[in-house]
Amino acid sequence: MALQIYNTLTKKKEEFTTLTPGKVKMYACGVTVYDESHIGHASQAIIFDVIRNYLEYSGYEVTYVRNFTDIDDKIIKKANETGKDALEISSHFIKRSQEDMALLKIRPATHEPRVSNHIPDIISFIEGLISKGHAYQAGGDVLFDISTFKEYGKLSKRKIDELINEDTGAKKNPGDFALWKGVKPGEPSWDSPWGKGRPGWHIECSVMAKKYLGETLDIHGGGMDLVFPHHENEIAQSEALHDKPFSRFWIHNGLIMVNRQKMSKSLGNFYTITRAAEKAPTDVIRFMILSCHYGSNIDFMESNLTTASKRVHYFYRTLSKISQLCSSVKETDSEDLLKDLNTSMEKEFRAAMDDDFSTAKVIAFLSETFSQINEFLDDKSIKPGRKIHSLNNFKTGLLKVTSVLNILNDEPEAFLKSFRTLYLKNNGIDEKEITDLINKRSDARKAKDFTLSDKIRDELADKNILVQDTPSGTEWDILFK
RNA sequence: GGCGCCGUACCCAAGUGGUAAGGGAGAGGUCUGCAAAACCUUUAUGCAUCGGUUCGAAUCCGUUCGGCGCCUCCA
């Protein structure tokens, strides 16, 4: 079964095809850089990162563009408040955003263009719209005339005459929007045929998409909240100018919620990526986001984060057991005892991902797979040496899956150790006090003083530290609650 | 007010016509000094509500109730 994608434009799952065989042109709206990026931006970036990875895995050559809006009202506002230059502020937050993305194992896009570097392209695009009668000058502004584009509203399923906008001003239709904004005092500006000014918000994406990808894209995406007006307006601009479809597939991701409310900068209820990363490792954040379908909203609750932590911890513990066995025992047998599992893994993975990038299904089957692996590891009827070949095959197959999702591909021991370190830091615990208590408990156990040893164990549990007695000694780990 | 999405077990959540994935929590078991980890078993005749279409519906249509998003900057 070929890849099926839910297309916002048609409201249906459709078989994915590309304009040029073997090549995908994908554009996703990035961030407006006037502040630190939050976990909502992260979720969008992670989702499109995985989509891109999977398309590449499926054999496509993907050109992925993710823009930075570095000129906008809020950036200008911040510049005026801080006395800094607007572009200086946006440059700073672009750098911060790129660092955040790297921290979350998100690959940079093929192109990450900025609006301020594309003013001439924007001006000529607008000139084209004016000369075709789709835009008009109103004072120092240039507005798009939505009545000239018959299909206006086709993405968000709105009708032109239902659009309400109190600020009608010089607009011919209430829904007309700015392509170019005449300069106001205290604003950065560029020369244009219509006087000094700056681009409106929507035009940048139409222009930069065209420049880096051409007049028709295969995939255009972004957060659900961009469907109207942003993406609707992009369609209007691009299709009015080129008389051809702007994007063949529209993909919209769900939003991060906090207590059932959308997380957004304007509501002030957001977690920055930095803050989220202080609470949980990268893989936990990615896992949480990829645990549900990309189109649904996710509540960024403590309990969801804890659940994701437990799961990721479980997966890495299993991987750690595998690598410990593989590094300590010699392979004695070349029979694949996990043949069914190993051969079905890639098939299951593709089937799930081909169904509208169902990462939730992938994670569900990974859960089942890991249970079987643990069972296999624990199976005393099979000599350890006979397991190695099978486990190596498993690791090879798993790597294909995890390299697309970009989770569970760290070195297991290193991951677990850094997770513990993060946990201790967040709880203000010194590792030495734990090891001291554990040593004390081990002495008590040797002396068969189980009352004391159990008391120490309870004491550690109060600190959310879990004690585990294994054949090779006592270990400690995070006690998730 | 308009447009759109959603409502699945105690909780999170997949599932878009063929008889309810997965996870968390709970219960029982194997293991253990006891635990933990891991594994096994178990937890919705039921998918907000009422009605309809169908041989068959969580899935399609309509009603009611509830939640959310967009309509102004938003990933």
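Order of the sequence lines sets the chain letters (A, B, ...), proteins ahead of strands, with each chain counted from 1.
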**Prompt:** Counting side-chain heavy atoms from CB outward, which of B:A25, B:A13, B:C70 is closest to A:C292?
**Reply:** B:A13
**Request:** With a 3.5 angstrom cut-off on both distances, give the Watson-Crick or G-U wobble partner of B:C65, or none if there isn't one.
**Result:** B:G7
**Asked** Of the candidate nucleotides B:C12, B:G33, B:C39, which contains the atom at the shortest distance from the side chain of A:D469?
**Response** B:G33
**Request:** Using a 4.5 Å cut-off on heavy atoms from C-beta on, say whether the side chain of A:P229 contacts that of A:F177.
**Result:** no
**Request:** Give none if B:A21 has no partner; otherwise give the nucleotide forming a Watson-Crick or G-U wobble pair with it, both distances under 3.5 Å.
**Result:** none
**Asked** So do A:Y316 and A:D283 actually touch side chain to side chain, heavy atoms under 4.5 Å?
**Response** yes
**Message:** Roughly how many Å apart are B:G26 and B:A35, using the P atom of each and rounding to a whole number?
**Reply:** 15 Å
**Prompt:** If you measure from the P atom in B:C6 to the same atom in B:A48, how many Å do you get, rounded?
**Reply:** 12 Å
**Message:** Need one value for A:G222: base, sugar-phosphate or nothing, where a base atom within 4.0 Å counts as base even if backbone is also close, heavy atoms only.
**Reply:** sugar-phosphate
**Asked** Could you walk me through whether A:D73 and A:R198 pass the salt bridge (Lys or Arg N to Asp or Glu O under 4.0 Å) check?
**Response** CA-CA 10 Å; A:D73 291 349; A:R198 60 189 169 95; 2.6 Å; yes
**Message:** Under 4.0 Å, heavy atoms only, any strand: does A:D73 hit a base, just the sugar-phosphate, or nothing?
**Reply:** nothing
**Fill in**
Heavy-atom nearest nucleotide on RNA chain B taken for A:R457 and for A:K262; more 5' hit belongs to A:R457
**Prompt:** With distance as the sole criterion, do the side chain of A:R158 and the base of B:C71 form a donor-acceptor contact below 3.5 Å?
**Reply:** no
**Message:** Give me the distance, rounded to whole Å, that separates B:C12 from B:U53 when you measure between the C1' atoms they each carry.
**Reply:** 34 Å
**Asked** When rounded to the nearest Å, what value does the distance between C1' atoms of B:A44 and B:C39 take?
**Response** 25 Å
**Message:** Using the rule given for ring pair (Phe, Tyr, Trp, His ring centres under 6.0 Å), can you reason through A:F357 versus A:Y6, listing the C-alpha separation, both sets of side-chain angles and the distance that settles it, and then say yes or no?
**Reply:** CA-CA 9 Å; A:F357 308 108; A:Y6 180 85; over 10 Å; no
**Message:** Using the six-membered base ring of B:G33, report whether A:F450 stacks on it, requiring centroids under 5.5 Å and planes under 30° apart.
**Reply:** yes
**A:E368 side chain, from C-beta outward: closest of B:A35, B:A75, B:A21** = B:A21
**Asked** Just wondering, do A:S309 and A:F419 contact through their side chains at under 4.5 Å, heavy atoms?
**Response** yes
**Asked** If you check the A:I256 side chain, which of B:G67, B:A14, B:A75 turns out closest?
**Response** B:A75
**Message:** What's A:Y314 touching, base or sugar-phosphate or nothing? Going by heavy atoms closer than 4.0 Å.
**Reply:** sugar-phosphate
**Asked** So what does A:S453 touch, heavy atoms closer than 4.0 Å: a base, only the sugar-phosphate, or nothing?
**Response** base
**Message:** Closest approach to the side chain of A:D72, judged atom by atom: which nucleotide of B:C73, B:G22, B:C3 is it?
**Reply:** B:C73
**Request:** From the options B:A37, B:G23, B:A14, select the nucleotide whose nearest atom is closest to the side chain of A:R311.
**Result:** B:G23
**Message:** For a quick check of understanding: with a heavy-atom distance under 4.0 Å over all strands, which category does A:S156 fall into, base, sugar-phosphate or nothing?
**Reply:** sugar-phosphate
**Message:** Counting the atoms with a prime plus P, OP1 and OP2 as sugar-phosphate, which does A:R441 contact under 4.0 Å by heavy atoms, base, sugar-phosphate, or nothing?
**Reply:** base
**Complete:** When rounded to whole Å, the CG to P distance for the pair A:L290 and B:A14 reads 13 Å
**Prompt:** Think A:N374 has a side-chain N or O under 4.0 angstrom from the OP1 or OP2 of B:C39?
**Reply:** yes
**Fill in**
Ranking A:S371 and A:G254 by the position along RNA chain B of their nearest nucleotide, the one closer to 5' is A:S371
**Request:** Using a 4.0 Å heavy-atom cut-off across all strands, classify A:D477 as base, sugar-phosphate, or nothing.
**Result:** nothing
**Request:** Give A:H38 one of three labels, base, sugar-phosphate or nothing, depending on what nucleic acid heavy atoms sit under 4.0 Å from its own.
**Result:** base
**Request:** Spell out, as yes or no, whether a donor-acceptor pair under 3.5 Å connects the side chain of A:E232 to the backbone of A:K154.
**Result:** yes
**B:U59 to B:G18 separation - P atoms, rounded to the nearest Å** = 12 Å
**Request:** Would you mind telling me which of B:G22, B:C3, B:A38 lies closest to the side-chain atoms of A:K157?
**Result:** B:C3
**Asked** Which one, B:A75, B:G22, B:A37, comes nearest to the side chain of A:L255?
**Response** B:A75
**Any strand: nucleotide that pairs with B:U49 via Watson-Crick or wobble, under 3.5 Å** = none
**Message:** Less than 4.0 angstrom from a charged side-chain N to a carboxylate O is my criterion; do A:R275 and A:E36 meet it?
**Reply:** no
**Fill in**
Considering only heavy side-chain atoms of A:F228, the closest of B:G24, B:A36, B:C71 is B:C71
